[in-house]
Amino acid sequence: MEYSFRPSLLQKERSFRLEADRIWRSEGEAVRFADIHKIRIYDSPGMRNLGGTTLSPGFRRCVIRPAHGSAIVLSSNHFAGISNFEDRRESFDPFVAALMQRVSAANPSAIFISGMPIALWLLWLVAVAGVMIVTPLAALLIVIEMFQDGKIDGMLIVATFLLAGTFFGFIPMARTLWRALPRRFDPTAA
């Protein structure tokens, strides 16, 4: 079973292959399943503006931590070009599921976590809370400015509309953050 993706403009496409007892990287390195200490899988939310334009697409990420050496990071987004990401979940999800099954069988003490790393989760929480506070204040500033000067600063309106797009996306964002709370799971449970 194989999976490949290109993480960004500055990196080349990476390939991964599952074999009987290890995962191979295109760089020629391999990590045995029995040596994998932890696997974390989570969804990273995308961002849209008020007009519905995707600023950054959401994606799924899998971080594989061997007992020794650097982490292996897989993403369901494939960078196809500037502002052009290809969603590869159709091949990503089965690859990661097979990987977790093999790691679980080879290393019963391996840890499986669903959800963002806590620092990333807190960063998203602070960003969403900040938008929930700043948007109403920006709208209030527009109203106050209208009554004081009789004119409105165009940049303030633009900023308020951008923030309002995120403000009205609060419910889906809150659901995503709730699902992204780190939790252990058993990949063999159905």
- Neighbour count above 12 (heavy atom, 6.0 Å) for Arg6 CZ: yes
- Note on the structure: Heavy-atom nearest pair, Phe185 first then Met100, reads CZ-SD, 3.6 Å
- Query: Any side-chain heavy-atom pair from Ile41 and Val96 closer than 4.5 angstrom?
  - Reply: yes
- Query: Taking all atoms of both residues into account, what is the closest heavy-atom pair of Phe112 and Pro187, and its distance?
  - Reply: CD1-CD, 3.5 Å
- Task: First locate atom OG of Ser104, then atom CD1 of Ile111, and finally report the distance between them rounded to the nearest 0.5 Å.
- Result: 12.5 Å
- Going from SG on Cys62 to CG on Leu99, what distance comes out if it is rounded to the nearest 0.5 angstrom? 5.5 Å
- Out of curiosity, Asp87 CG to Phe5 CZ, how far, rounded to the nearest 0.5 Å? 13.0 Å
- Item | Asp43 side chain reached by Arg179 side chain, heavy atoms, under 4.5 Å | no
- Task: Kindly write out the residues that satisfy ring-ring contact (aromatic ring centres under 6.0 Å, His included) with Phe16, not counting sequence neighbours, or none if the list is empty.
- Result: none
- Smallest separation among heavy atoms of Ala71 and Pro66, with atom names: CA-CD, 4.2 Å
- Message: Any side-chain to backbone donor/acceptor pair from Ser76 onto Arg60? Under 3.5 Å, distance only.
- Response: yes
- Task: Compute both the distance and the angle, then confirm whether Arg183 meets the cation-pi test with Trp178: under 6.0 Å from the six-membered ring centre, within 45 degrees of the axis.
- Result: yes
- Task: Any chance you could measure Met1, atom CE, to Ile23, atom CD1, to the nearest 0.5 Å?
- Result: 11.5 Å
- Query: Under 3.5 Å, is there a donor-acceptor pair linking the side chains of Trp24 and Glu29?
  - Reply: no
- Item | Side-chain touch Arg40/Pro182, heavy atoms, less than 4.5 angstrom | yes
- Note on the structure: Taken to the nearest 0.5 Å, the spacing of Leu74 CG from Phe92 CZ works out to 5.5 Å
- Task: Go through the steps for Glu13 and Arg88 under the test salt bridge (charged side-chain N to carboxylate O under 4.0 Å, His left out), then give the verdict.
- Result: CA-CA 13 Å; Glu13 189 163 352; Arg88 293 199 169 170; 3.4 Å; yes
- Query: Are any non-hydrogen side-chain atoms of His78 and Phe85 less than 4.5 angstrom apart?
  - Reply: no
- Option from Asn107, Ile64, Leu18 for which side chain to side chain contact (heavy atoms under 4.5 Å, CB included) with Phe33 holds: Leu18
- Message: Would you compute the distance between atom OG of Ser26 and atom NZ of Lys12 and round it to the nearest 0.5 angstrom?
- Response: 6.5 Å
- Any chance CZ of Arg184 has more than 12 other-residue heavy atoms, nucleotides or ligands included, within less than 6.0 Å? no
- For residues Asp35 and His68, determine if any side-chain heavy atom of one lies less than 4.5 Å from a side-chain heavy atom of the other. no
- Task: Would you kindly say whether Thr188 and Asp186 are connected by a side-chain donor-acceptor distance under 3.5 Å?
- Result: yes
- Can you name the ring-ring contact (aromatic ring centres under 6.0 Å, His included) partners of Tyr42, sequence neighbours left out? none
- Side chain to side chain, Arg65 and Ile36, heavy atoms closer than 4.5 Å: no
- Message: What I'd like to find out is whether the side chain of Arg14 reaches to under 4.5 Å of the side chain of Glu27, using heavy atoms alone.
- Response: yes
- Item | Heavy atoms of other groups near Gln11 CD, more than 12 under 6.0 Å | yes
